[in-house]
Amino acid sequence: MKHNDILKKAKTLSLSTALLLSGGMLTGCSDFLEIKPQNEIILEQFWNEQKDVENIITGCYSEMESYGMISRMMIWGEFRSENITYNGTIDKDVDLERLLKENITASNVYTIWDDFYRVINRCNTVIKYAPEVAAKDPSYTDSKLKAHIAEVTALRSLCYFYLIRTFRDVPYSEEAFLDDNQKLDLPATPFNEVLSKLIASLESVVNNSLTKYPENNTQTYWDYNCNRVTKSFIQALLCEMYLWQKDYDNCIKYANSILEQKKLDAKEKGYTEGDFENFGGFPLIASRSRGANAYGNAFNEIFVKNNSMESIFELNFRKDDTNGNQLCNGPVCFFYGADGQTAYTKPTTYVVNDERDALYNVFAKDNGGFDGRAYENIQYGTDGSAVGYYKYAAKGNLVLKSSNTPYKDATYSNLWNVYRKDNNVFSRNKSNYILYRLTDILLLKAEALALKITSQQTITESTPDYATWKEAFDIVDAINKRSLIETTPYKHVLDASNYNTQELLLDLVYAERNRELMFEGKHYFDLVRRSLREENTKYLASKVVNKDPLTAAIIGQRMTKMDAIFWPIYIDELKVNKNLHQNSAFGSGDDSSYEKS
């Protein structure tokens, strides 16, 4: 399906339609709908055995891999940040161009949220009917039932978490909508109330989830446990949600649980403690290949091969394609580019020029131009086979591994990172979409630690907060070291004396999260979280104004309003649901009433 066709289809559904369609899709037989009420069909014709429940859960994952969901995960979490701007060749997606210029209105198709609510309703339906199936099917054990409910509770919570971080207050329900007679005009539930409900629901199921799934015939043991909800994934959600709730102790608790599991995973994968001694004992995959002066090993394991030892949860597009049926990560092709596909977006000059021109507004000055993420995040030149692997040439100057072109002299084109071309599939992109990986969780922990510091003065070894400060700094330092590309290992490391106050440390954590997770749909949400905590948009505005010098003044002025950092509700939702009210930064919802100032 072409990009424009997808957008046209996206404009046709309201929330109420989406919920009812998600129920109707459960039967897989439209003929029944003409004879019997839908709720009777679902009860009598479908929910009879464990396999029926598992089929619906599989459908939840398939829906999450849809174009609508992946594109919005990318856009909502990243595209309003200073990292991404529109490509000058864009002429087919006006809505995308407008939002990248921070000219968002309530008629923009990227404000449509129905894909998320379809998954939510599927999950609610499983929670409602799975216990009845267990009562009919003797093979459906109590432990399996609880694990399934934990699984869909996590997927539902993930969807709501995306929604509240994007729109703030959203309609919330744990009821399954299956019948035209059910009331669908739900009012919006406040952000903090939804967040509390999500945390409570996850806490109630976390110990029922599986730590590992058994190997099956279609996926390896390792792949299967990266592409389904596990206990570590639920803990990851709780870790981040508690950080948004400003419960730093629980954030740290769940980060530590995930870290311990990842140490066990690393051992299972054949790693030893010696493999991690340069990274403070954290089980991080080294960038430098063993016994070789070549870099990009971590990039290759995490983003090229996918389902790495560091992975917690990623949506899988790397399915068996022997029959030509392998999935395509379509939003990546459109937005970030692939062979034969001009990208609709590009990295901002603020990011592109930073390390290569020694500006160091994004990448750390301490690293002296040796941060490999500056090159892995962006495609320089056109040699797709070289991307992700670099060799050292001279101080501060890398060359593409398969050529002698210095990166500083190469032109850049597409965003890269996770979203690279694959040499085996030239016209499509089968990169997995990573939602959580270990460094993400470690940096959430570092942020929580930094926020626990009470001293407002320079921190020294005699300061009571020193141990907390050092634990947070050591996390950032380990992740930063992993990225360095230099023949004298770890010469250009972070200077702790440059980050010896709570404010400097917190800024370092945010900067490292942007460097490490760039273009992965995380950065704008990080900025929103900080704005909510500090109850102002000062930090967020100071970052997003770097998106485009020509529009910096307009963007900066607009982002002074807390309401403006969230998105408007899609205008059609307001027409069908009179209990919803538009974000005040966007007037009544009509394009004409949008505040242009």
Side-chain angles (χ1 to χ4, degrees), residues 19 22-23 26 47 50 52-65 69 73 113 115-134 140-165 170-178 186 189 191-213 224-245 247 250-251 253-254 257-258 261 312-315 435-436 441:
L19 290 177
S22 70
L26 298 178
W47 298 95
Q50 178 180 329
D52 295 332
V53 177
E54 292 171 344
N55 286 339
I56 300 306
I57 295 175
T58 299
C60 292
Y61 288 102
S62 296
E63 184 71 36
M64 291 179 67
E65 292 168 350
M69 287 203 70
M73 288 176 181
W113 57 26
D115 297 280
F116 289 79
Y117 277 105
R118 276 200 296 274
V119 175
I120 288 168
N121 199 41
R122 284 173 181 251
C123 294
N124 285 341
T125 307
V126 171
I127 293 170
K128 179 179 177 64
Y129 289 115
E132 297 182 20
V133 175
Y140 197 7
T141 64
D142 185 59
S143 60
K144 289 180 181 178
L145 170 64
K146 289 180 177 178
H148 282 156
I149 290 177
E151 189 170 7
V152 293
T153 299
L155 297 179
R156 180 184 70 186
S157 299
L158 175 70
C159 292
Y160 273 126
F161 195 34
Y162 268 100
L163 289 168
I164 62 173
R165 288 180 295 174
V170 301
Y172 181 86
S173 177
E174 296 179 3
E175 180 182 356
F177 288 89
L178 308 164
L186 302 172
T189 302
F191 176 98
N192 287 329
E193 185 177 339
V194 176
L195 183 61
S196 294
K197 288 177 181 292
L198 299 180
I199 289 173
S201 64
L202 290 171
E203 287 283 15
S204 71
V205 300
V206 62
N207 291 324
N208 296 332
S209 58
L210 296 182
T211 301
K212 295 284 185 181
Y213 288 89
Y224 202 54
N225 285 287
C226 294
N227 304 146
R228 284 190 71 176
V229 170
T230 60
K231 188 173 186 177
S232 289
F233 172 60
I234 296 179
Q235 291 173 333
L237 284 171
L238 285 166
C239 174
E240 185 169 12
M241 288 178 183
Y242 275 123
L243 184 59
W244 282 76
Q245 199 180 54
D247 184 340
N250 271 317
C251 171
K253 180 187 80 171
Y254 280 112
S257 295
I258 294 167
Q261 180 60 50
I312 297 171
F313 182 70
E314 49 195 88
L315 296 174
L435 282 90
Y436 283 106
I441 299 303

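Predicted model, so just to flag it, every value in this text is computed and none were measured.
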Report yes if the side chains of [X] and [Y] come closer than 4.5 Å at any heavy-atom pair, otherwise no.
{"X": "Met64", "Y": "Leu158", "result": "yes"}
{"X": "Val53", "Y": "Tyr129", "result": "no"}
{"X": "Ile441", "Y": "Ile312", "result": "yes"}
{"X": "Glu203", "Y": "Ile199", "result": "yes"}
{"X": "Glu174", "Y": "Ile127", "result": "no"}
{"X": "Thr125", "Y": "Trp47", "result": "yes"}
{"X": "Val170", "Y": "Phe116", "result": "no"}
{"X": "Leu238", "Y": "Asn250", "result": "no"}

Practice problem: Please say whether more than 12 non-hydrogen atoms of neighbouring residues, nucleotides or ligands are located less than 6.0 Å from NZ in Lys197. | Solution: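 Open.
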Heavy-atom pair of closest approach, residues [X] and [Y]:
{"X": "Cys251", "Y": "Tyr242", "result": "N-CB, 3.8 Å"}
{"X": "Ile258", "Y": "Ser232", "result": "CD1-O, 3.7 Å"}
{"X": "Arg122", "Y": "Ile56", "result": "O-CG2, 4.3 Å"}
{"X": "Ser209", "Y": "Val206", "result": "OG-O, 2.7 Å"}
{"X": "Ala154", "Y": "Ile234", "result": "CB-CG1, 3.7 Å"}

[atom1] of [X] to [atom2] of [Y]: how many Å apart, nearest 0.5 Å?
{"X": "Glu314", "Y": "Phe233", "atom1": "CD", "atom2": "CZ", "value": "12.0 Å"}
{"X": "Thr189", "Y": "Leu163", "atom1": "OG1", "atom2": "CG", "value": "11.5 Å"}
{"X": "Cys239", "Y": "Met241", "atom1": "SG", "atom2": "CE", "value": "11.0 Å"}
{"X": "Glu151", "Y": "Thr153", "atom1": "CD", "atom2": "OG1", "value": "10.0 Å"}
{"X": "Asn121", "Y": "Cys159", "atom1": "CG", "atom2": "SG", "value": "11.0 Å"}
{"X": "Arg228", "Y": "Leu210", "atom1": "CZ", "atom2": "CG", "value": "7.5 Å"}

Quiz item: Should Glu54 and His148 be marked as a side chain to side chain contact (heavy atoms under 4.5 Å, CB included) after you check the CA-CA gap, both sets of side-chain angles, and the distance that decides it?
Solution: CA-CA 8 Å; Glu54 292 171 344; His148 282 156; 3.6 Å; yes
Quiz item: Which class fits the ring pair Phe191 and Trp244: parallel under 30°, tilted 30 to 60°, perpendicular over 60°?
Solution: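 Tilted.
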Does the [X] side chain pair with the main chain of [Y], one donor and one acceptor, at a distance under 3.5 Å?
{"X": "Ser201", "Y": "Leu198", "answer": "yes"}
{"X": "Tyr140", "Y": "Pro131", "answer": "no"}
{"X": "Asn225", "Y": "Thr230", "answer": "no"}
{"X": "Arg165", "Y": "Phe161", "answer": "yes"}
{"X": "Tyr213", "Y": "Cys226", "answer": "no"}

Self-check item: Tyr172/Glu193 under side-chain hydrogen bond (donor to acceptor under 3.5 Å, both in side chains): CA gap, chis, key distance, verdict
Solution: CA-CA 10 Å; Tyr172 181 86; Glu193 185 177 339; over 6 Å; no
Quiz item: After noting the C-alpha distance and the side-chain angles of Gln261 and Lys212, does the key distance pass the side chain to side chain contact (heavy atoms under 4.5 Å, CB included) rule?
Solution: CA-CA 11 Å; Gln261 180 60 50; Lys212 295 284 185 181; 3.9 Å; yes
Quiz item: How far apart are the C-alpha atoms of Tyr162 and Leu435, what are their side-chain angles, what is the distance that settles it, and do they pass the side chain to side chain contact (heavy atoms under 4.5 Å, CB included) test?
Solution: CA-CA 11 Å; Tyr162 268 100; Leu435 282 90; 4.0 Å; yes
Quiz prompt | Derivation of the side chain to side chain contact (heavy atoms under 4.5 Å, CB included) call for Asn207 and Lys231 | solution = CA-CA 7 Å; Asn207 291 324; Lys231 188 173 186 177; 3.5 Å; yes
